[in-house]
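Presented below is the structure to which this report refers.
Numbers restart at 1 for each chain; the letters A, B, ... are given by sequence-line order, proteins then strands. Since this is a predicted model, take the numbers as computed values, not measurements.
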Amino acid sequence: MTSQSPSQGGTTPRQRVEAAIIRLAGDSGDGIQLTGSRMSETSALAGNDVATLPDYPAEIRAPAGTLPGVSGFQLQFASKSVLTPGDQADALVAFNPAALRVNLSGLKQGGILIVNSDAFDANNLRKAGYDHSPLEGHELEGFRVYPVGITSITRQALEQTDLSLRAKDRCKNFFALGMLYWLYSRPLEPTLEWLRRKFASQPELAEANEKVLRAGYNYAETARIFQTVYEVAHAPLPAGLYRSLDGNEAIALALAAVAHQSGLQVFLGSYPITPASTVLHRAGRLKAHGVATFQAEDEIAAVGAALGASFAGALGVTSTSGPGLALKGEMLGLAVMMELPLLVICVQRGGPSTGLPTKTEQADLDIALHGRHGECPMPVLAAASPGDCFHMVFEAARLAIRHMTPVILLSDGYIANGAEPFRVPAPEDLPPIPVHFHTDPETFRGAYVRDAATGARPWVRPGTPGLEHRVGGLEKDAQGAVSYDPENHEQMVRARAAKIEGIESDIPPASLEEGEAEDDLLIVGWGSTWGAITQATRELRQQGLKVSSLHLRYLQPLPGGLGEILEQHSGRILLPELNRGQLREVLSARYGVTIEGLQKVQGQPFRVSEIKARARKMLEETR
Amino acid sequence: MTSQSPSQGGTTPRQRVEAAIIRLAGDSGDGIQLTGSRMSETSALAGNDVATLPDYPAEIRAPAGTLPGVSGFQLQFASKSVLTPGDQADALVAFNPAALRVNLSGLKQGGILIVNSDAFDANNLRKAGYDHSPLEGHELEGFRVYPVGITSITRQALEQTDLSLRAKDRCKNFFALGMLYWLYSRPLEPTLEWLRRKFASQPELAEANEKVLRAGYNYAETARIFQTVYEVAHAPLPAGLYRSLDGNEAIALALAAVAHQSGLQVFLGSYPITPASTVLHRAGRLKAHGVATFQAEDEIAAVGAALGASFAGALGVTSTSGPGLALKGEMLGLAVMMELPLLVICVQRGGPSTGLPTKTEQADLDIALHGRHGECPMPVLAAASPGDCFHMVFEAARLAIRHMTPVILLSDGYIANGAEPFRVPAPEDLPPIPVHFHTDPETFRGAYVRDAATGARPWVRPGTPGLEHRVGGLEKDAQGAVSYDPENHEQMVRARAAKIEGIESDIPPASLEEGEAEDDLLIVGWGSTWGAITQATRELRQQGLKVSSLHLRYLQPLPGGLGEILEQHSGRILLPELNRGQLREVLSARYGVTIEGLQKVQGQPFRVSEIKARARKMLEETR
Amino acid sequence: MSSDPVPTYKKKDFSSGLEVRWCPGCGDYSILNAVQTAFAAMGVPRENFVIVSGIGCSSRFPYYMDTYGIHGVHGRAPTLATGIKLARPELDVWVVTGDGDGLAIGGNHLIHAMRRNVGLKILMFNNRIYGLTKGQYSPTSEQGKVTASTPLGSIDPPFQPLSVALGAGATFVARTADRFGKHLQEMIRRAACHRGAAFIEVLQNCNIFNNGAWGQITGKQERIDNVVYLEQGQPLRFGEEGRRALILEECGQPRAVEWNDGGDPRLIVHDETRPEPSMAFLLSHLAPPEFPLPLGVLRDVPAPAFEDLHHEQIRRAEQSESNDLAELLAGPSTWTIE
Amino acid sequence: MSSDPVPTYKKKDFSSGLEVRWCPGCGDYSILNAVQTAFAAMGVPRENFVIVSGIGCSSRFPYYMDTYGIHGVHGRAPTLATGIKLARPELDVWVVTGDGDGLAIGGNHLIHAMRRNVGLKILMFNNRIYGLTKGQYSPTSEQGKVTASTPLGSIDPPFQPLSVALGAGATFVARTADRFGKHLQEMIRRAACHRGAAFIEVLQNCNIFNNGAWGQITGKQERIDNVVYLEQGQPLRFGEEGRRALILEECGQPRAVEWNDGGDPRLIVHDETRPEPSMAFLLSHLAPPEFPLPLGVLRDVPAPAFEDLHHEQIRRAEQSESNDLAELLAGPSTWTIE
Ligand SMILES: Cc1ncc(C[n+]2csc(CCOP(=O)(O)OP(=O)(O)O)c2C)c(N)n1
Ligand SMILES: Cc1ncc(C[n+]2csc(CCOP(=O)(O)OP(=O)(O)O)c2C)c(N)n1
Ligand code: SF4
Ligand code: SF4
Ligand SMILES: [Mg+2]
Ligand SMILES: [Mg+2]
């Protein structure tokens with residue numbers, strides 16, 4: 001190990017880098033997620049492009065100092081476009097031995113390692129499974145290690161305050177943040193302002209954290225422990241107003257936008273479940289924006305209430321994760337039969353069963369497509385990134401309303417919690433969402449008499465005189481009467497399917513995301529792998545390789561023209577998925593093309609390098 | 001119309017026919033299902049091969065005389081092997097105008113039509129939508145029509161008895177049965193014996209029904225209304241002891257056989273749902289045979305209790321239909337994680353949602369394969385016929401126990417209610433179902449340490465000292481401890497999948513049901529279409545066409561060798577399914593072969609002629 | 001809501017004209033009759049009614065009413081109805097359910113609707129059997145019942161539906177029977193007047209699978225000794241010419257005694273408005289043979305309706321918070337890239 | 001079941017050794033402690049215990065006990081446990097659940113377990129919050145609660161868990177608290193002795209998301225006025241030196257009064273064995289500030305356990321019916337083809 005001693009005299013040299021990847025790790029109670037978010041937002045405000053990966057345990061506060069209790073947060077900020085939190089970190093802050101042990105493999109060789117040396121006592125070392133201090137052994141060789149007594153300096157910094165020792169210690173994350181701000185030339189002001197807002201009612205906490213943040217910054221400056229100060233310039237993002245946004249907040253905001261653009265009341269019926277809960281939390285603050293929320297007794301009640309609200313003329317929405325989606329299947333069948341707009345948001349997590357509840361995965365595609373009894377088709381969409389959640393919710397709502405159908409939108413834990421700069425749309429730039437309620441008894445010919453263009457049935461609000469009618473789960477004829485007629489059933493099954501298939505003409509056709517049609521390899525993706533795939537494709541192309549990529553936001557129906565593109569590339573297609581190949585199976589069956597899957601089921605997103613490596617291998621093999 | 005007048009003088013000529021197809025139709029309260037069952041059993045006892053199709057409305061007693069209230073029952077009995085209830089009937093008994101209207105299209109040209117003329121009054125005609133009596137119009141031309149005052153003669157026959165008029169009228173189905181027995185030379189004795197058993201505690205009812213049955217028989221004989229008496233000889237069934245059996249009873253009996261052969265207590269947790277309820281009813285009578293039943297508060301509780309019972313060392317079983325399967329998805333995910341034997345029987349019905357609850361369909365294959373969140377594979381089997389339900393339950397139980405996995409067995413409304421002669425297996429001919437409970441703490445290495453051959457984990461009964469352990473929905477490592485380790489998760493996901501895939505080597509490889517490998521067309525089927533497909537194939541072959549057939553009882557994993565057979569026939573494969581092509585999609589994706597689907601989603605089974613017609617068309621096109 | 005004067009309705013204005021498909025003789029017919037009559041008299045525009053049901057014979061109800069309606073999935077009617085009521089509190093939302101639909105698979109939604117006090121009017125047709133699936137025992141079937149699924153008799157004790165509702169905090173519970181058309185109509189009217197959740201158990205005969213289940217209550221002769229009608233402020237008298245009455249002993253134990261001109265201080269005088277629910281609870285599980293079965297309103301206490309609180313919060317937010325979408329989308333901190 | 005003499009256990013024999021992962025300071029630790037201590041004293045072989053849970057912080061419980069156990073899915077523990085108990089009545093089956101797991105998603109299974117009187121011992125850790133999902137309000141949270149999902153305060157009134165259980169027909173209900181280790185152990189012992197379903201509400205502190213929710217009850221000073229301990233045959237006295245007591249007014253209304261040496265005939269003397277459940281029901285929803293919260297056994301009445309009836313039926317069938325498989329498979333009518 002090369003323990004770094006303070007640089008001597010003069011100002012520290014500054015180095016401009018294109019991107020920086022930082023990883024923070026500590027106990028669940030160490031405020032890691034909060035520190036990470038601050039760093040992200042500060043970087044975004046500084047004009048960088050940013051991508052983040054929060055990574056926390058399934059326990060609220062797993063026992064301090066243990067390996068399963070480690071909470072992590074990685075972010076990448078850059079002066080270029082950034083699509084992932086990065087593969088390996090340039091700098092790691094480890095608040096205790098367990099955090100070090102769990103995260104060291106994620107640090108680049110030669111990377112900066114800041115450790116809270118106060119936490120490396122015998123007890124913590126033992127809990128982390130070290131029989132000696134790594135600070136004194138060989139395992140840290142090859143890293144630039146900075147042992148700092150973060151706890152003790154934080155306490156010193158707060159000596160004059162009245163806080164309890166425990167409260168003081170809870171500020172130590174801001175010390176580390178201060179050091180990082182200095183190291184990466186970040187301004188303190190956004191964080192200070194945030195502290196004032198956050199602790200408006202507890203100014204003593206705002207003050208303490210500010211003190212500690214400044215102490216960390218000053219310590220880095222005056223103690224001169226770092227050899228270099230890094231600078232990361234503005235990223236060339238498209239012009240506009242930006243904010244930092246995670247996927248679940250994007251979903252909630254989109255619901256407000258949908259309410260605004262459609263004039264409908266949005267009714268979110270939900271039951272808390274990780275990692276979807278924050279959709280409910282954030283939507284709970286949107287009452288003034290036309291979004292009502294209802295925390296139901298379970299997932300079935302949540303979707304039931306949402307469907308009831310849609311019947312009543314609102315836009316019903318429900319948000320959940322895999323186990324909840326499994327429970328909603330029967331009610332979704334009713335929604336298909338009732339042919340009402342309904343938005344079902346599934347934020348996927350590691351399964352099966354309770355699985356890895358705080359980790360990410362893409363293994364709920366199958367159940368989204370097929371998880372209902374009978375012939376029960378329903379559009380399925382997937383968001384590609386945190387910001388894309390906003391657009392896809394909007395799009396899903398538009399389709400649900402126009403085509404009178406429940407729609408499933410898939411997100412996942414990675415983009416739900418991950419944040420990125422988001423270009424804030426101006427309300428006037430949002431497309432309108434036209435809504436038509438049938439009100440005229442004269443022209444009403446039956447609850448299931450379909451619109452010629454879309455195949456949608458009329459939507460009638462209860463309370464409309466003369467249009468009283470009944471819908472429900474039994475098969476109906478066009479007039480809305482229960483019908484056991486065999487031919488009618490077949491006709492209705494086909495009509496429902498045709499309606500969904502017809503949505504193909506209402507969505508953008510398939511097109512390449514990167515590259516050209518003639519390239520040697522096509523990488524296809526859906527959902528949150530978009531960032532890693534796009535980044536990998538760009539990097540491979542920069543290296544002169546003929547690789548293109550295509551991203552699917554619409555999984556049912558699939559976009560027009562997809563078959564042609566895939567057939568053109570058959571045998572030269574790579575499909576990375578965080579599952580055992582669910583989309584691969586769908587595309588092979590549908591288009592009869594040969595696709596190679598890249599499977600990863602570890603609760604973690606792809607690294608760019610993993611995709612690049614497999615792509616290179618395929619290119620070599622087919623050459 | 002040619003109203004048939006009694007044949008004059010001498011004995012009625014007898015005609016030997018190979019097969020007869022009879023259809024009975026009347027009000028829900030007319031005892032149609034019961035009459036049909038008697039006729040079936042009598043024919044089976046007479047040595048015929050028999051197949052039946054009960055077809056009843058979703059209401060218990062829909063309003064008398066209406067079209068939706070019509071209940072039907074079709075049976076075919078023959079001196080040859082019979083695999084379906086037949087396409088069009090040789091004889092139809094219509095108890096009222098509505099029954100006539102609904103069923104007339106199912107009667108062959110020139111067929112025998114017996115109507116209860118007493119029921120053709122103005123009121124009933126109106127309810128059936130007739131503006132005049134069809135008995136007096138032209139619509140019955142081309143049929144041999146026998147109007148009989150069934151109600152009035154029945155009342156006469158019972159004049160001496162003390163029954164209420166209503167009770168008397170409820171005997172009229174036995175009058176029609178008597179007529180049919182005479183017409184088809186069936187013995188009365190089995191029915192008389194059944195009456196005595198059934199009405200042991202109400203001898204006056206046994207007597208009344210006997211009187212009416214004989215009256216019908218005698219009426220046909222003495223009134224000489226029929227031109228011909230038909231005889232149907234013994235069918236060349238394999239030697240053995242036979243009984244008549246429907247699919248749901250077969251399932252219940254198989255549970256007793258499983259208990260017997262495994263030595264395990266069988267625990268059926270169920271919640272009533274059409275058409276699965278009779279599994280619970282019949283199993284409820286098997287307490288002395290090692291089968292315990294529990295009617296739960298809902299489907300989730302039913303499967304939960306079954307899974308709990310399996311944990312406790314019994315064999316948990318749950319029976320349901322589509323809506324129930326949709327509800328069980330989350331608990332099945334837990335079963336996959338807990339890796340315990342569990343048998344899930346889904347008797348499919350018309351969907352989606354409540355759909356056509358008393359009709360048949362094959363549209364729950366998708367949800368059986370994919371209806372759980374996360375990577376959650378589970379074997380899926382399907383029974384081909386009523387009797388096959390017995391064997392497939394046995395097989396499903398064997399696989400569940402040996403491979404420590406939940407197994408889904410699909411049946412459907414058609415085979416659940418349809419009856420056929422069943423060769424009764426001798427208990428000593430049933431294979432044993434070996435069960436191994438791990439009991440030795442010395443050799444226990446962990447709850448998820450797998451058997452090298454099968455990949456199954458050990459099964460430990462609570463109460464075993466020294467083997468206390470915990471299982472559950474969170475991901476576990478081999479020792480059974482909760483693990484959030486990314487690699488462990490991937491490894492476990494793969495191990496669970498490999499275990500299920502490995503079952504391929506424990507099931508029979510794919511082989512042709514009929515025909516040869518070189519034939520021009522291969523018809524592939526699964527589930528209850530077996531009868532119609534096999535019959536169609538045989539008939540086409542008899543006509544010299546080179547058609548073969550293959551039937552799948554194992555849908556996950558698919559049997560070995562299937563890929564080769566399908567590839568050999570790619571482009572010349574027909575797959576009839578009572579859905580929109582669910583298995584077709586699976587096979588195309590898996591084997592990359594081109595398959596033509598024949599889809600029917602009408603709540604009704606295939607007719608042999610429908611399959612033959614499409615097969616002929618394909619043969620012509622490919623020629 | 002229409003602002004026109006409310007039309008006056010006849011009973012048949014509430015009939016959808018769809019052929020009613022219950023078995024001849026089913027108690028559901030009389031309930032349909034009573035509901036149509038009661039609705040017609042309510043002075044509510046027909047288009048403002050929504051009837052939501054689950055699955056079961058009883059749950060076919062909405063098809064026969066010319067109102068808005070949903071025939072839902074098994075057990076989940078209260079969830080659909082809650083969504084409707086929250087989205088559109090001005091609608092009159094009625095739930096029709098059965099003892100199986102409401103108390104077997106749907107028990108949880110029912111108790112949560114009671115707890116929240118959502119303004120749903122819930123009619124549970126209790127025939128103590130699963131009718132539509134051909135006669136299995138239900139959670140209200142008496143112990144020992146021989147049914148299709150219990151050839152040796154059921155072994156579980158039944159729920160008392162009203163006790164379950166009260167245990168969940170119900171603010172209005174009542175009991176009536178299919179055969180008592182006028183009483184049934186009155187209970188419907190009372191439920192409609194209650195703000196918040198109202199739960200009515202309607203004893204119903206299934207003449208096919210459980211004929212005579214309520215014979216002891218509805219039989220002309222039997223009812224005299226086996227029914228006590230609850231009337232606000234009145235002592236609980238029953239029997240031939242009201243010659244018997246219910247008292248509460250010191251220890252809190254109820255007892256049926258001879259009527260003694262009201263002189264007994266222990267006589268129970270009915271007060272449906274008591275905030276403390278124990279007396280309603282006590283009444284809810286009295287039953288023959290030891291006691292008469294109470295019919296009428298057991299409890300009717302005021303409490304804020306869930307939908308009112310829901311919209312009150314929305315209104316407060318609308319008044320105190322900005323509804324500027326641009327501001328919302330931008331959030332507290334933004335930056336501009338030129 | 002082992003026929004060897006039962007080993008004597010120490011508390012630590014019931015610890016699985018797995019690292020306990022609740023937040024430091026969580027009330028669940030004391031409950032774990034009490035359960036381990038109580039189990040060790042029970043004289044039941046360790047291998048005969050099965051602990052079944054759902055999902056939640058509380059539901060991690062089985063992992064920490066060196067018994068058989070299932071960490072199930074959310075809300076469904078009673079279903080798994082019922083299957084175990086029916087298949088193997090000789091096992092001691094305990095359910096651990098939370099206020100969310102047991103009363104939100106799992107409410108129906110809970111009331112049906114009570115109704116059936118299945119021999120499950122159910123411990124509900126009531127912290128009036130969803131802990132594991134980071135602090136949303138639960139069905140037992142007080143109205144107006146500001147939580148992650150209710151930024152403006154929750155609007156629904158809470159369940160009283162014991163009232164729900166009694167409404168469903170529970171034969172044993174008790175209440176205790178995490179902080180009262182000895183009392184908790186005693187309640188566990190009492191539940192174990194009850195044949196049939198036993199339901200214990202354990203007041204539990206979630207120091208992260210709902211710290212101090214039970215401070216009024218468990219606080220050293222507060223508890224004096226806010227808790228009444230139920231003891232069989234004893235009047236309900238509470239407060240400093242038992243100077244206050246509960247009476248039942250003529251009209252059936254409870255009231256807290258000064259203790260007057262037991263002279264008041266209206267004084268409530270606790271009788272947990274009363275078959276009529278209204279008094280237990282009354283106790284179940286008394287709460288501060290108006291009343292003290294009753295801790296102890298509210299109800300413990302004998303009734304046949306579901307699993308006993310289940311096996312009794314099986315035994316009767318085994319005695320009276322043939323178990324010949326060949327005969328069964330053949331059925332009543334067969335024919336032979338040669
Ligand atoms: C999910 C689901 N499970 C089971 C069924 C079958 N089912 C339909 S109605 C019913 C019971 C109805 O009983 P009840 O509510 O008492 O109605 P009743 O027919 O007696 O009026 C059942 C079990 C279903 N339709 N859906
Ligand atoms: C089907 C399903 N829905 C939702 C969740 C998310 N979830 C896990 S625990 C929980 C609530 C737990 O509350 P409680 O039972 O009170 O337990 P506590 O954590 O407070 O001990 C929820 C909603 C889940 N795991 N599964
Ligand atoms: S089965 Fe019973 S409840 Fe159903 S319609 Fe018939 S009589 Fe009525
Ligand atoms: S979140 Fe609350 S209930 Fe959960 S472990 Fe932490 S303190 Fe305990
Ligand atoms: Mg019922
Ligand atoms: Mg809780």
Side-chain angles (χ1 to χ4, degrees), chain A residues 41 44-45 47 190 193-194 197 234 237-244 253 256-257 260 265 267 269 286-289 292 294 296-298 300-301 304-309 311-314 316 330-331 333-334 338 424-427 462-474 481-482, chain C residues 1-2 4 16 18 45-53 55 62-63 65-74 76-88 90-91 108-109 112 310-311 313-314 316-323 325-326 328-338:
Chain A
E41 192 167 321
L45 285 168
E193 198 183 298
W194 178 89
R197 245 195 349 260
H234 278 230
L237 294 170
L241 182 72
Y242 280 82
R243 65 173 292 175
S244 176
L253 293 181
H260 191 264
Q265 178 193 152
F267 178 93
L286 300 178
K287 292 187 176 52
H289 294 274
F294 169 60
E297 60 270 28
D298 67 11
I300 302 176
L307 183 58
F311 180 77
E330 195 207 3
M331 189 64 82
L334 180 64
M338 287 174 52
V424 182
T464 310
L467 289 183
E468 294 82 359
H469 69 281
R470 279 67 53 194
V471 288
L474 282 170
V482 173
Chain C
M1 270 187 303
S2 147
D4 303 330
S16 72
L18 204 82
R46 185 170 57 182
E47 64 271 18
N48 276 15
F49 284 101
V50 184
I51 307 183
V52 186
S53 68
I55 302 285
Y63 288 126
M65 295 287 299
D66 194 12
T67 64
Y68 286 91
I70 300 179
H71 178 225
V73 286
H74 197 32
R76 318 297 175 184
T79 73
L80 293 156
T82 296
I84 297 171
K85 191 71 185 172
L86 289 182
R88 303 276 308 284
E90 75 276 19
L91 297 173
N108 203 34
H109 308 305
H112 280 273
H310 177 83
H311 284 278
Q313 271 197 345
I314 294 176
R316 277 214 312 275
E318 283 168 349
Q319 281 159 11
S320 64
E321 295 170 27
S322 154
N323 71 347
L325 183 62
L328 174 74
L329 298 185
S333 57
T334 54
W335 66 98
T336 306
I337 292 183
E338 254 111 53

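Closest approach of C/A330 and A/L241 over heavy atoms only: CB-CD2, 4.2 Å. The two atoms that bring C/A317 and A/K287 nearest to each other are CB-CB, 3.6 Å, heavy atoms only. Across all non-hydrogen atoms, the minimal contact from A/P462 to C/L91 is CB-CD1, 3.7 Å. Taking every heavy atom of both residues into account, C/H310 and A/A292 meet most closely at NE2-CB, 3.7 Å. Pairing each heavy atom of C/L18 with each of A/A481, the nearest pair is CD1-CB, 4.3 Å. Residues A/A312 and C/R88 approach most closely at O-NH1, 2.8 Å, considering heavy atoms.
In this structure, the side chains of A/T464 and C/E47 stay at 4.5 Å or more apart for every pair of heavy atoms. You'll find the side chain of A/R470 reaches within 4.5 Å of the side chain of C/D66, heavy atoms only. The shortest distance between side-chain heavy atoms of C/L80 and A/L334 falls below 4.5 Å. Inter-residue side-chain proximity for C/V50 and A/F311 is flagged as met; some heavy-atom pair is nearer than 4.5 Å.
Separation of atoms OG1 (C/T67) and CD (A/E468) is listed at 7.5 Å; rounding is to 0.5 Å.
Across C/R46, C/E338, C/E318, the residue that shares the most heavy-atom pairs under 4.5 angstrom with chain A is C/R46. Listed options A/A305, A/G333, A/A256, A/G472 were ranked by heavy-atom pairs under 4.5 angstrom with chain C; first place goes to A/A305. Here A/G304 is the residue among A/A296, A/G313, A/G473, A/G304 with the most heavy-atom pairs under 4.5 Å with chain C. Comparing A/M338, A/H469, A/H234 by how many heavy-atom pairs each has under 4.5 Å with chain C, the most go to A/H469. Interface check for chain C: of the options A/V424, A/D298, A/V471, A/L253, the most heavy-atom pairs under 4.5 Å are formed by A/V471. Counting heavy-atom pairs under 4.5 Å between each of C/T82, C/T336, C/V73 and chain A puts C/V73 at the top. When C/L86, C/I84, C/T79 are compared by the number of non-hydrogen pairs under 4.5 Å with chain A, C/T79 comes out ahead.
If you measure heavy-atom distances from A/Y242 to chain C, the contacts under 4.5 Å come from both the backbone and the side chain. For chain C, the nearby parts of A/A301 are the backbone and the side chain; heavy atoms of each come within less than 4.5 Å. With a 4.5 Å cut-off on non-hydrogen atoms, A/L474 touches chain C through its backbone and its side chain both. There is no contact between A/P190 and chain C, counting heavy-atom distances below 4.5 Å. With a threshold of 4.5 angstrom between heavy atoms, C/Q319 does not approach chain A through any atom at all. For chain C, no part of A/A426 is nearby; none of its heavy atoms comes within less than 4.5 Å. For a residue to count as touching a neighbouring chain, one of its non-hydrogen atoms must lie under 4.5 Å from one of that chain's; by this rule C/S322 touches chain A with the backbone only. Only the side chain of A/Q265 comes within less than 4.5 Å of a heavy atom of chain C; its backbone N, CA, C and O stay farther away. When heavy atoms are compared at a cutoff of 4.5 Å, C/I314 approaches chain A by way of both its backbone and its side chain.
In this structure, the side chain of C/R76 does not engage the main chain of A/I300 through any donor-acceptor pair within 3.5 Å.
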